[in-house]
Amino acid sequence: MMLSEESVKAIKERAGRYPHRKSAILPALTIACRQLGYVDETVYREISKIIRIPMVEVAEAATFYTMFPKAPRGKYLIQVCHNISCALLGADSLIGYLEQKLGITKGETTPDDLFTLISVECLGSCATAPMMQINEDYYENLTRQKVDDILQDLRSKA
Ligand code: FES
């Protein structure tokens with residue numbers, strides 16, 4: 001079992017809230033991601049057993065949503081929006097700057113497992129472009145100086 005007792009208990013509790021077990025798929029994937037940092041076929045299988053639905057339905061939901069990483073990632077998942085508003089205000093340049101600062105390219109994790117960098121579609125904060133999400137926090141109106149400060153702050157907390 002990859003899922004902890006606590007996660008299994010939380011998934012069962014969530015599943016009990018819905019009239020249809022299928023409705024518990026997204027909360028279950030969210031709980032699994034919070035514990036493990038990612039989900040894969042082993043986790044899909046465990047969730048399918050816990051909420052008693054076919055594994056393929058869990059896999060379909062997990063692979064549809066980019067918010068569920070499919071492999072281990074760094075402690076901090078940096079998701080830079082590359083959609084239109086952010087692109088117009090320098091998202092590509094920002095991604096290049098992050099790649100340079102972190103010494104990785106998009107899709108990679110730093111050797112110390114601290115940062116994973118990806119680019120994503122619109123995160124719904126277009127008025128504060130360019131922006132990125134790191135784990136569950138938004139960082140907006142980004143400049144290179146702000147990126148430097150954010151990375152330094154996160155490194156100091158590691
Ligand atoms: S385009 Fe970047 S948040 Fe919407």
Side-chain angles (χ1 to χ4, degrees), residues 2-3 7 10-11 13-15 17-18 20 22-44 47 51 53 56-158:
M2 291 181 68
L3 292 172
S7 293
I11 291 169
E13 188 275 322
R14 288 294 178 88
R17 292 185 191 178
Y18 304 106
H20 303 289
K22 199 172 180 177
S23 304
I25 293 174
L26 295 183
L29 288 166
T30 301
I31 290 165
C33 271
R34 284 206 180 119
Q35 181 205 321
L36 302 165
Y38 70 100
V39 290
D40 62 9
E41 285 193 16
T42 305
V43 179
Y44 306 157
I47 289 172
I51 61 178
I53 58 164
V56 67
E57 293 189 30
V58 179
E60 284 170 351
T63 54
F64 178 80
Y65 292 101
T66 57
M67 63 193 187
F68 301 121
K70 311 304 181 295
R73 63 183 190 193
K75 179 175 182 183
Y76 298 110
L77 176 63
I78 302 175
Q79 302 179 80
V80 184
C81 171
H82 61 204
N83 218 291
I84 190 70
S85 297
C86 291
L88 289 171
L89 289 167
D92 280 348
S93 167
L94 196 67
I95 291 166
Y97 186 64
L98 277 158
E99 288 177 331
Q100 177 199 326
K101 292 289 292 186
L102 298 172
I104 56 174
T105 56
K106 269 193 311 185
E108 292 183 338
T109 298
T110 54
D112 59 3
D113 290 328
L114 202 53
F115 299 103
T116 298
L117 175 66
I118 61 172
S119 67
V120 295
E121 300 299 336
C122 180
L123 289 167
S125 188
C126 316
T128 58
M131 60 82 62
M132 64 185 175
Q133 179 177 350
I134 303 180
N135 294 351
E136 296 186 1
D137 297 318
Y138 273 19
Y139 297 87
E140 301 161 308
N141 298 306
L142 291 171
T143 61
R144 289 182 176 209
Q145 183 59 55
K146 281 189 179 180
V147 167
D148 288 346
D149 294 344
I150 292 162
L151 293 180
Q152 188 177 348
D153 182 49
L154 294 176
R155 281 193 172 110
S156 73
K157 293 175 183 169

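Because the structure is a prediction, the values reported are computed rather than measured. Numbering of ligands and ligand atoms starts at 1, following listing order.
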Q: Using the side-chain contact (heavy atoms from CB on, under 4.5 Å) rule, take Y65 and L29 through it: C-alpha gap first, then chi angles, then the decisive distance, then the call.
A: CA-CA 10 Å; Y65 292 101; L29 288 166; over 6 Å; no
Which atom pairs, donor and acceptor, lie under 3.5 Å between side-chain atoms of residues 85-94 and protein residues at least two apart or in another chain?
{"from": "S93", "atom 1": "OG", "to": "R144", "atom 2": "NH2", "distance (Å)": "3.2"}

(Q) Quick test of your reading: applying salt bridge (Lys or Arg N to Asp or Glu O under 4.0 Å), list the pairs with at least one residue in residues 117-142, sequence neighbours left out, ordered by first then second residue. (A)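 Salt bridge (Lys or Arg N to Asp or Glu O under 4.0 Å) check on residues 117-142 returns R34-E136.
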Q | Gap between atom NZ of K101 and atom CG of D148 - 0.5 Å precision | A | 4.0 Å
Q.
Minimum heavy-atom separation for C122 and N83, please, with both atom names.
A. N-ND2, 3.4 Å
**Q.** Residues that Y44 engages under ring pair (Phe, Tyr, Trp, His ring centres under 6.0 Å), provided they are two or more places apart
**A.** none
**Q.** Number of protein N, O or S atoms [distance to atom 4 (Fe) of ligand 1 under 2.8 Å]
**A.** 2
